[in-house]
Amino acid sequence: MQQEGPAGRRGPVLFSDGGNTPVKSLFGTLADGTEIHSWALANGGTRMKVLSYGGIVQSLEVPDRHGRYANVSLGFDTIEDYVAGSPYFGALIGRYGNRIGKGRFTLDGKAYQVDVNDGANSLHGGAKGFDQRVWDVEPFTKGSDVGLHLYCTSVDGEMGYPGTLKMKVTYTLTKHGDWRIDYEATTDKATVVNLTSHVYWNLAGEGSGTIENHELKIAASHYTPVDSGLIPTGEPAPVAGTPFDFSRAKRIGEDLHEAHQQLLYAKGFDHNWVLDKGISPRPEWIATLKDPSSGRTLRMATTEPGLQFYSGNFLDGTLVGPGGRTYRQGEALCLETQHFPDSPNKPSFPSTVLRPGQTYRSTTIHSFSR
């Protein structure tokens, strides 16, 4: 791995060792002169690099069964590439992760129109969501853990959302190499909130080819079918007997190319799984992803009621990663823990409303093994 110094020279990235403060370096500069920094940290065999721009996980490295490291998340080498048109690579997502139909919802009798940026719908908070914000970053060590606190404020009316939202997101690497995300948010006016992380995974290594041979298991007996605009119809459907049944571990490519209407709408998987556990006060294990070729395995636990599985359907070969390889359709996947898409318009879905005096809290844990 390489990093760019203040004079634009390349040199080896330095990572913190377990229990030490993360290493800060200049990653690049925005057009308005704002400096974007990267933070390199390591613990328990996991190494990651995080940007102040978008809270982006620019790289995440874990070893394979032979102890060989690879970056298993998609990303870019320069800030210019992220600004020019990243499909949310590694970013923090908000104010509302996933889609809101037509960008409209009613809250306490008042209608709101938020930014529309995905056909007729709003996606991931609008054209300038949290993935494009510059976050304040504070490194920390706590016992055997090492991590970053990220802070950001979204003002009342930004992208059409009501209320000034103050956020704190904590990335922690534990002594076991687990990556934990803790989200917190407060508001001064009733609003809707759905925060998530948008890492694109390829456990064989970024740019290494298809993820169709990855094996995935999701603890969900239902999912939320969508219309042609990928907005949930509102009625969960059983996964049994459909390509959406990942209740047992199976190859992602096993049913990916079936002529199922839901797969045709999304050009693959891009749906919300209704987790059997529902909302939980503590993170519970809900998904396992394994790459048989390398032995790398990712287990995920969350407090959230939903998991959006996206099979990289719109990667088109025009984006080039830090390894110099292009990213093509189906060469990475996302597993986004969250509340359900379009919940503000679906009273039967778990509520995403946050009110003054309440604190939004959510936790997701990524555990790696080989």
Connected via hydrophobic side-chain network under 4.5 Å: Met300 and Ile181 = yes
For the residue pair Asn71 and Ser73, confirm or rule out a side-chain donor-acceptor distance under 3.5 Å.
-> yes
In terms of the angle between their ring planes, are Tyr200 and His198 parallel, tilted or perpendicular, with boundaries placed at 30° and 60°?
-> tilted
Step by step, work out the side chain to side chain contact (heavy atoms under 4.5 Å, CB included) result for Tyr360 and Leu165.
-> CA-CA 10 Å; Tyr360 171 101; Leu165 191 74; over 6 Å; no
Can you give me every donor-acceptor pair (side chain of residues 319-330, partner residue at least two apart or in another chain, under 3.5 Å) with its distance?
residue, atom, partner, partner atom, Å
Arg325, NE, Gly207, O, 3.0
Arg325, NH2, Glu206, O, 3.2
Thr326, OG1, Arg328, NH1, 2.6
Thr326, OG1, Arg328, NH2, 3.4
Tyr327, OH, Gly75, O, 3.4
Tyr327, OH, Glu206, OE1, 2.5
Gln329, NE2, Asn313, O, 2.8

Gln262 side chain to Val226 backbone, donor-acceptor under 3.5 Å | yes
Is Asp291 salt-bridged to Arg370, going by a charged N under 4.0 Å from an acidic O?
-> no
Please report the shortest heavy-atom distance between Leu203 and Ser294, naming the atom on each side.
-> O-OG, 3.4 Å
Should the pair Phe244 and His260 be assigned to parallel (<30°), tilted (30 to 60°) or perpendicular (>60°) ring geometry?
-> perpendicular
Check: His37 ring centre within less than 6.0 Å of Trp135 ring centre | no
Ignoring hydrogens and angles, tell me if any N or O in the side chain of Thr78 forms a donor-acceptor pair with the backbone of Asp81 under 3.5 Å.
-> yes
Hphob cluster co-occupancy, Leu335 + Val169, side-chain heavy atoms under 4.5 angstrom = yes
Do the side chains of Leu289 and Trp273 join up, straight or via other hydrophobic residues, at under 4.5 Å, putting them in one cluster?
-> yes
Are the side chain of Gln308 and the backbone N or O of Asn272 linked by a donor-acceptor pair below 3.5 Å?
-> yes
Asp156 and Thr164: side chain to side chain donor-acceptor pair (under 3.5 Å), yes or no, with the steps?
-> CA-CA 4 Å; Asp156 183 24; Thr164 294; 5.6 Å; no
Has the side chain of Lys277 got a donor or acceptor atom that lies under 3.5 Å from a matching backbone atom of Thr302?
-> yes
Look only at the side chain of Arg95 and the backbone of His124, and say whether a donor-acceptor pair between them is shorter than 3.5 Å.
-> no
Does a donor on one side chain sit under 3.5 Å from an acceptor on the other, for Thr242 and Asp245?
-> no
Exercise: do Ser343 and Thr352 side chains pair donor with acceptor under 3.5 Å = no
Minimal heavy-atom distance between Asp255 and Pro243, with the atoms involved, is CB-CB, 3.6 Å
Does some side-chain heavy atom of Leu333 sit less than 4.5 Å from a side-chain heavy atom of Tyr310?
-> no
Indicate yes or no for a side-chain donor-acceptor contact from Asp64 to the backbone of Arg68 under 3.5 Å, with no hydrogens or angles considered.
-> yes
Do Trp179 and Leu60 have side-chain heavy atoms sitting under 4.5 Å apart?
-> yes
Is the backbone of Pro232 close enough, under 3.5 Å, to the side chain of Thr224 for a donor and an acceptor to pair up by distance?
-> no
Trace of the side chain to side chain contact (heavy atoms under 4.5 Å, CB included) decision for Tyr171 with Phe140 = CA-CA 10 Å; Tyr171 289 169; Phe140 71 88; over 6 Å; no
Verdict with supporting geometry, Glu254 and Arg248, salt bridge (charged side-chain N to carboxylate O under 4.0 Å, His left out) = CA-CA 12 Å; Glu254 182 173 323; Arg248 62 170 179 84; 3.2 Å; yes
Any idea how Phe246 and Phe309 line up, ring-wise: parallel (<30°), tilted (30 to 60°), or perpendicular (>60°)?
-> perpendicular
Is there a donor in the side chain of Glu304 and an acceptor in the side chain of Ser362, or the other way round, less than 3.5 Å apart?
-> yes
Could you verify whether a donor N or O on one side chain and an acceptor N or O on the other, from Glu336 and Asn98, lie under 3.5 Å apart?
-> no
Would you confirm whether Arg296, through its side chain, and Val62, through its main-chain N or O, come within 3.5 Å as a donor-acceptor pair?
-> yes
Correct closest heavy-atom pair for Leu275 and Ala220 would be CA-CB, 4.1 Å
Could you tell me whether Lys250 and Glu212 make a salt bridge, using a distance below 4.0 angstrom between a side-chain N and a carboxylate O?
-> no
Please report the C-alpha distance between Thr170 and His149 in whole Å, then the side-chain angles of each, then the deciding distance to 0.1 Å, and finally whether the side chain to side chain donor-acceptor pair (under 3.5 Å) criterion is met.
-> CA-CA 4 Å; Thr170 301; His149 297 304; 3.0 Å; yes
Return yes if a side-chain donor-acceptor contact under 3.5 Å exists between Asp145 and Thr172, otherwise no.
-> no
Closest heavy-atom pair, Val146 versus Ala42, reported as atoms and distance to 0.1 Å, is CG1-O, 3.7 Å
Using a strict cut-off of less than 4.0 Å between a Lys/Arg side-chain nitrogen and an Asp/Glu carboxylate oxygen, indicate whether Arg99 and Asp270 qualify as a salt bridge.
-> yes
Does a side-chain N-to-carboxylate-O contact under 4.0 Å join Lys346 and Glu235?
-> no
Across all chains, not counting sequence neighbours, the ring-ring contact (aromatic ring centres under 6.0 Å, His included) partners of His222 are none
Using a side-chain heavy atom cutoff under 4.5 Å and only I, L, V, M, F, W and Y, what cluster partners does Tyr96 have?
-> Ile100, Phe105, Leu107, Tyr112, Val114, Met159, Tyr161, Val192, Val353
Stepwise side chain to side chain donor-acceptor pair (under 3.5 Å) test for Thr337 and Thr364 | CA-CA 7 Å; Thr337 54; Thr364 293; 2.6 Å; yes
Shortest non-hydrogen pair, Lys175 vs Ser144, comes out as CD-OG, 3.5 Å
Okay, side chain of Asn121, backbone of Lys102: is any donor-acceptor separation there less than 3.5 Å?
-> yes
Write down the atom of Ala127, the atom of Asn117, and the distance for their closest heavy-atom approach.
-> N-ND2, 3.6 Å
Begin from the C-alpha positions of Asp182 and Thr363 and carry the test side chain to side chain donor-acceptor pair (under 3.5 Å) through to its verdict.
-> CA-CA 5 Å; Asp182 291 286; Thr363 298; 2.6 Å; yes
Does Arg65 use its side chain to pair, donor to acceptor, with the backbone of Pro292 at less than 3.5 Å?
-> yes
